[in-house]
Protein chains: 2
Amino acid sequence: MIQLTQTSYVVLGLVARAGEATPYDLKQVVSATIGGFFSIPHSQLYAEPERLARAGYLSERRERTGRRRKHYSVTGKGREALRDWLRTPTDELYELRDPGLLKLAFGADPKMLAGTQLAAHERRLQELRDLASVLEAAGAPEEQRLVADAGVGHAREYIRFWKRVAGP
Amino acid sequence: MIQLTQTSYVVLGLVARAGEATPYDLKQVVSATIGGFFSIPHSQLYAEPERLARAGYLSERRERTGRRRKHYSVTGKGREALRDWLRTPTDELYELRDPGLLKLAFGADPKMLAGTQLAAHERRLQELRDLASVLEAAGAPEEQRLVADAGVGHAREYIRFWKRVAGP
DNA sequence: ACCGTCATGTAATCGGTTACATGATTCT
DNA sequence: AGAATCATGTAACCGATTACATGACGGT
């Protein structure tokens, strides 16, 4: 019926893990976990669960008093969709779509770009390292750590690249 | 007035380089050059120049007979916008948003993912290498080659990562 | 003459971004 | 008590994707 996007699966996955969650809960978890490589603006975390609920993947319980928050949980249909998604490998690749590379490709001055990009990627690398050590300290599951490691590897690769561009 | 997106700059940049171009020309060039890390569906290459023309960044000349193709060229305003963009470094970073990593983060079986992802990234690596050697043979400008190199580096990094996940 | 593929375009829909707005808490 | 920040939500707009459609052209 509706198209399930990556955002949909993020929401399904997070709600499934939490049992029940409000958009705000989701927001918290998103930035704490996959925020490093897949962020979602908070307004989407209101819109998307609603869409999923309309299509029967989530059920909605609204508080009767106070803030009237909406609490979502996964339905059978939702759980099934999530499971199917998880057990199907993808050969889809995501494109880099990197602003720095784009400017480079269109003739911006490489050395000028390199400075700023290097700094930005070094900042990110630091964040990811912090995240990685938090995850380790918290005894997070292996996958979480792998994902953080992937991020670290990519940041390092970017840094290598821009250093080379910056020249000796 | 209007928001200039990365797509806008791609169009501006390509039209500027070509002098005059139809959407179809753009389509060709996109896949030949930045296609590897920043693709744009052809319908966008019809819509975006129109948008840019309405806002005064491009001028439009329509054939009077036959296919009535639209030919675009860059106006002064367009050229200026492009130049400003090119000489401003960015600290913006693009997120990976990688489907494979996402599934990994939500508990898909790592080894299962690794196989398919590895194959896909190896295919891409090969493509990028081919592109790189074509560029070199054609004596393409340094930046073009750098961009291709960046792609190669990333593909390699992905491959390292998924090999590690696949385990010994 | 026909078929397939390249070339060219438009329309509809929708997810995502940006901006706005206000209730709760916490801190000084 | 007031300011600042966190929490929570809605609305409007718009770029991007998907789907549909047809014209030209090269080969058999």
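Letters A, B, ... mirror the listed sequences (proteins, then strands); counts begin at 1. All of these numbers come straight from a predicted model, not from anything done at the bench. Note: hydrogens, waters and symmetry copies are ignored here, and every other heavy atom, side chains too, is used.
- In this structure, E127(A) does not pair ionically with R124(A), as no charged nitrogen and carboxylate oxygen lie closer than 4.0 Å.
- Under 3.5 Å, the side chain of S43(A) and the base of dT18(C) form at least one donor-acceptor pair of N or O atoms.
- The distance from atom CD1 of I40(A) to atom C1' of dG9(D) is 17 Å, rounded to the nearest whole Å.
- Separating the CG atom in D149(B) from the CZ atom in R164(A) is a distance of 5.0 Å, to the nearest 0.5 Å.
- As a whole-Å value, the separation of R62(A) CZ from dG9(D) P is 7 Å.
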Do any N or O atoms of the protein come closer than 3.5 Å to N or O atoms of nucleotides 5-8 of chain C, and which pairs are they?
from   : atom 1 : to     : atom 2 : distance (Å)
dA7(C) : OP2    : Y24(B) : OH     : 2.0
dA7(C) : O5'    : Y24(B) : OH     : 2.9
dA7(C) : O3'    : R67(B) : NH1    : 3.2
dT8(C) : OP1    : R69(B) : NE     : 2.4
dT8(C) : OP1    : R69(B) : NH2    : 3.1

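- In the hydrophobic cluster analysis, where Ile, Leu, Val, Met, Phe, Trp and Tyr join through side-chain heavy atoms closer than 4.5 angstrom, L93(B) is grouped apart from L113(A).
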Task: Verdict with supporting geometry, E48(A) and S8(A), side-chain hydrogen bond (donor to acceptor under 3.5 Å, both in side chains) - done: CA-CA 7 Å; E48(A) 185 64 20; S8(A) 310; 2.7 Å; yes

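- Rounded to an integer number of Å, the gap from R51(A) CZ to dC14(C) P is 9 Å.
- The separation between Q44(B) atom CD and dG15(C) atom C1' is 13 Å, rounded to whole Å.
- Residue L45(A) contributes atom CG, which lies 13 Å from atom C1' of dT17(C) at whole-angstrom precision.
- As a whole-Å value, the separation of M1(B) CE from dC14(D) P is 12 Å.
- Rounded to whole Å, the distance from CZ on F38(B) to P on dG15(D) is 14 Å.
- By the 4.0 Å N-to-carboxylate-O rule, K70(A) lies close enough to E50(A) to be salt-bridged with it.
- A close approach under 4.0 Å does not occur between any side-chain nitrogen or oxygen of T7(A) and OP1 or OP2 of dG15(C).
- Taking only side-chain atoms of E50(B), from C-beta outward, the nucleotide of dT10(C), dG16(C), dG9(C) with the closest atom is dT10(C).
- No salt bridge links K77(B) with E80(B); every basic N to acidic carboxylate O contact stays at or beyond 4.0 Å.
- When the P atom of dG9(C) is taken as reference, atom CG of L26(B) falls 11 Å away, rounded to whole Å.
- For the atom pair CH2 (W162(A)) and OG1 (T116(A)), the distance works out to 9.5 Å, reported to the nearest 0.5 Å.
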